[in-house]
Enquirer: 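Here you go, one structure.
Whatever order the structure lists them in is the order used to number ligands and atoms, beginning at 1. A quick note: this is a predicted structure, and the numbers were derived from the prediction, not measured.
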Amino acid sequence: MSDKKSPRETAVRALMKMGGGKFSEAVLSEALDVTPMDSVNKRFCTTLFYGVIERKLTLDCIIGGYSKMPLGRLDHEVKNILRAGLYQLLFMDSVPDNAAVDESVKLCAAFKKTSAKGFVNALLRQFLRDGKRINDSSVAVKYSINPEIYDSFRADYGETKAAEILESFLTPDVTYIKLNNRRFTKDNLPDGFTPTDIPNVFSSGNVNLNSPEFAAGAYHIQDYSCAYACNLMEISGDEDILDVCAAPGGKSFTLAEMTDGTVYACDISEKRLEKVNTGAARLGLTNIRTFLHDGKSFNESFPKFTRILCDVPCSGLGVIRKKPEIRYKNAADFSHLPEVQYDILENSVRYLADGGMILYSTCTLRKAENEDVIARFLENHPEFTAEMRTIFPFDFNSDGFFIAKLAKLRTDK
Ligand SMILES: C[S@@+](CC[C@H](N)C(=O)[O-])C[C@H]1O[C@@H](n2cnc3c(N)ncnc32)[C@H](O)[C@@H]1O
């Protein structure tokens, strides 16, 4: 099915589908699938969609300041038209103010809310007359974040670093790729791919998932922090590797490109595991075997491994830039995670050969899911040593990430 809608309308329709735990990437991708548009419009729609989610609390604060009706009672359509209009006024320099207002008013008709035209026009124009002022300097409004997340960063790293983290989530990140060095060299990459200090990892402003080199499997997108973690696994050539939580597969791909052995890529989600198979096929990697398996339970049929990756499910507070909906999660949404993470780690140890190494990692910056899980593990496993590193999102303009390299020194207790 395809139809012709403007990028603004498509973005607002997609915004209305958010909520209820939905992922922005999936919602947008579905919206773009049914509304084909050229690359310029696609970029506009994408920027507007992600931008509104990213700045939702800031935008809602403005709407709340002008509307006589409480925010919660505004029509869903009107609220999202206003959010999109305000986002263009505040953050999209390429859009003239008049166009942002006029197009927002036109959207009211597209959404069968013609009675709201006057209200939308008046609110946006009054905001312009007032010099685009935001009369609230609270952390929640300034950074558009659930204050519970700020409190967690502040408790773990102090006020200054917490603010630095939140600032960095509002600046553009860098896209990194991992070259498939099994089958390609850097000469197969187009211009604009800059080497990093990690072998075969490049930064680029020129990643095109419709390009022939991507289709041929020359690289996969992988954040710097994730490539860094894979590199710490010290693969020397032919190790079999257990990847306990592998989907959608980025780290399995990199590890499979580093070893002549087999990567056992496990995940609890069948649907996500399909992505590992699809990605491995595109990259031409034949040394990945996928297993639908719960990392908390022991699989008798697995051998012992000298290298195990536990890239556990987490709150994702390090990847807020890529997944802006995480900004509005509550602390209660995360409280169960340390127990799950610990259980997966504890079970994974049972597959580890003496002298082997487990790499525990998360894409979050909550100590409860990082250092505290490792401290508990070390208390119960004196036969391990740990080296830990937190990568902050401002370190490499990458995701925030935590890595603990757990080396098994002695034989089992
Ligand atoms: C952080 S993601 C892994 C990302 C992956 N390592 C990569 O680089 O693409 C965490 C994964 O853990 C999976 N997961 C959650 N609970 C699990 C469990 N009990 N056992 C195994 N996998 C689990 C999720 O389905 C998700 O795919």
Side-chain angles (χ1 to χ4, degrees), residues 21 23 25-26 175-178 180 198 201 219-233 235 241-259 263-283 285 288-299 302 305 307-323 326 329 333-351 358-366 369-370 373 391 398-404:
F23 296 112
E25 193 187 358
T175 303
Y176 293 93
I177 63 106
K178 164 72 180 61
N180 182 357
I198 306 176
V201 175
Y219 62 85
H220 65 279
I221 292 182
Q222 179 163 56
D223 190 66
Y224 182 92
S225 57
C226 299
Y228 182 91
C230 292
N231 220 38
L232 283 185
M233 288 198 67
I235 309 298
I241 301 164
L242 176 63
D243 187 351
V244 182
C245 302
K251 297 182 196 69
S252 282
F253 305 150
T254 297
L255 295 171
E257 287 162 7
M258 293 165 94
T259 186
V263 176
Y264 289 57
C266 308
D267 205 276
I268 202 169
S269 159
E270 190 166 14
K271 203 164 157 218
R272 285 171 66 82
L273 215 45
E274 275 169 28
K275 297 189 179 186
V276 184
N277 288 321
T278 313
R282 183 183 62 80
L283 293 161
L285 296 168
I288 296 181
R289 288 178 64 191
T290 50
F291 297 87
L292 183 61
H293 184 68
D294 182 345
K296 296 196 289 312
S297 67
F298 189 65
N299 188 329
F302 281 179
F305 296 86
R307 294 289 181 272
I308 296 178
L309 174 63
C310 274
D311 189 35
V312 292
C314 70
S315 54
L317 297 192
V319 291
I320 280 180
R321 245 190 305 217
K322 293 199 177 104
K323 300 180 180 174
I326 295 176
K329 294 217 169 207
D333 297 332
F334 313 140
S335 52
H336 66 292
L337 286 168
E339 206 54 38
V340 174
Q341 292 155 342
Y342 185 82
D343 288 349
I344 292 176
L345 180 58
E346 185 67 63
N347 186 56
S348 302
V349 163
R350 301 173 69 189
Y351 304 111
I358 291 198
L359 200 106
Y360 174 92
S361 60
T362 72
C363 58
T364 194
L365 298 170
R366 276 180 81 226
E369 298 175 54
N370 296 338
V373 171
I391 296 180
S398 67
D399 296 339
F401 207 75
F402 173 81
I403 304 158

Enquirer: Nearest heavy atom to atom 27 (O) of ligand 1 wins, so pick from H293, K296, R272, K275.
Expert: R272

Enquirer: I'd like to check which ligand 1 atoms, numbered from 1 as shown, lie under 4.0 Å from a non-hydrogen atom of V312.
Expert: 1 (C)

Enquirer: Looking only at protein heavy atoms, identify the closest one to atom 8 (O) of ligand 1 and say how far it is in Å.
Expert: K251 NZ, 2.9 Å

Enquirer: Looking only at non-hydrogen atoms, which of D311, V244, D267 approaches atom 25 (O) of ligand 1 most closely?
Expert: D267

Enquirer: Determine whether more than 12 heavy atoms belonging to other residues, nucleotides or ligands lie under 6.0 Å from atom NZ of K322.
Expert: yes

Enquirer: Any N or O on G249 sitting closer than 3.5 Å to an N or O of ligand 1?
Expert: yes

Enquirer: Answer yes or no: is there a donor N or O on one side and an acceptor on the other, between the side chain of R272 and the main chain of A246, under 3.5 Å?
Expert: no

Enquirer: Between L292 and S269, which heavy-atom pair has the shortest distance, and what is it?
Expert: CD1-C, 3.8 Å

Enquirer: Is ligand 1 less than 4.0 angstrom away from at least one heavy atom of V276?
Expert: no

Enquirer: Hey, is ligand 1 close enough to S269 that some N/O pair sits below 3.5 Å?
Expert: no

Enquirer: Under 3.5 Å, is there a donor-acceptor pair between the side chain of Q341 and the main chain of P313?
Expert: yes

Enquirer: Grab the two heavy atoms, one from F253 and one from K275, that are nearest each other, plus how far apart they are.
Expert: CZ-O, 4.1 Å

Enquirer: For atom 18 (C) of ligand 1, tell me which residue out of V340, D294, T362 has the closest non-hydrogen atom.
Expert: D294

Enquirer: Does N299 offer a backbone N or O that forms a donor-acceptor pair with the side chain of Y351 under 3.5 Å?
Expert: yes

Enquirer: Using non-hydrogen atoms of the residue, decide whether Q222 is closer than 4.0 angstrom to ligand 1.
Expert: no

Enquirer: May I ask you to identify, for A246, whether its side chain, its backbone, both or neither come under 4.0 Å of ligand 1 on a heavy-atom basis?
Expert: backbone

Enquirer: Looking at every heavy atom in both N370 and T362, which two are closest together, and how far apart are they?
Expert: OD1-OG1, 2.6 Å

Enquirer: Any idea which protein heavy atom is nearest atom 3 (C) of ligand 1, and the distance to it?
Expert: A247 O, 3.1 Å

Enquirer: Students should be able to answer this: which protein heavy-atom is nearest to atom 17 (C) of ligand 1, and at what distance?
Expert: I268 CG2, 3.5 Å

Enquirer: Do any N or O atoms from the side chain of S361 and from the backbone of I403 form a donor-acceptor pair under 3.5 angstrom?
Expert: no

Enquirer: Without hydrogens or angle criteria, can the side chains of S315 and T364 be said to hold a donor-acceptor pair below 3.5 Å?
Expert: yes

Enquirer: Please report whether ligand 1 has a polar contact with G295, defined as an N or O pair separated by less than 3.5 Å (distance criterion only).
Expert: yes

Enquirer: Just checking F302 against F291, ring centres under 6.0 Å apart?
Expert: yes

Enquirer: Hey, does I344 come in under 3.5 Å of ligand 1, counting only N/O atoms on both sides?
Expert: no

Enquirer: What protein heavy atom is closest to atom 15 (C) of ligand 1, reported as residue, atom name and distance in Å?
Expert: P313 CG, 3.5 Å

Enquirer: Tell me, please: is P248 in heavy-atom contact with ligand 1, that is, under 4.0 Å?
Expert: yes

Enquirer: Among all protein heavy atoms, pick the one closest to atom 12 (O) of ligand 1 and tell me residue, atom and distance.
Expert: C245 CB, 3.3 Å

Enquirer: Is the number of heavy atoms from other residues, nucleotides or ligands under 6.0 Å of F298 CZ greater than 12?
Expert: yes

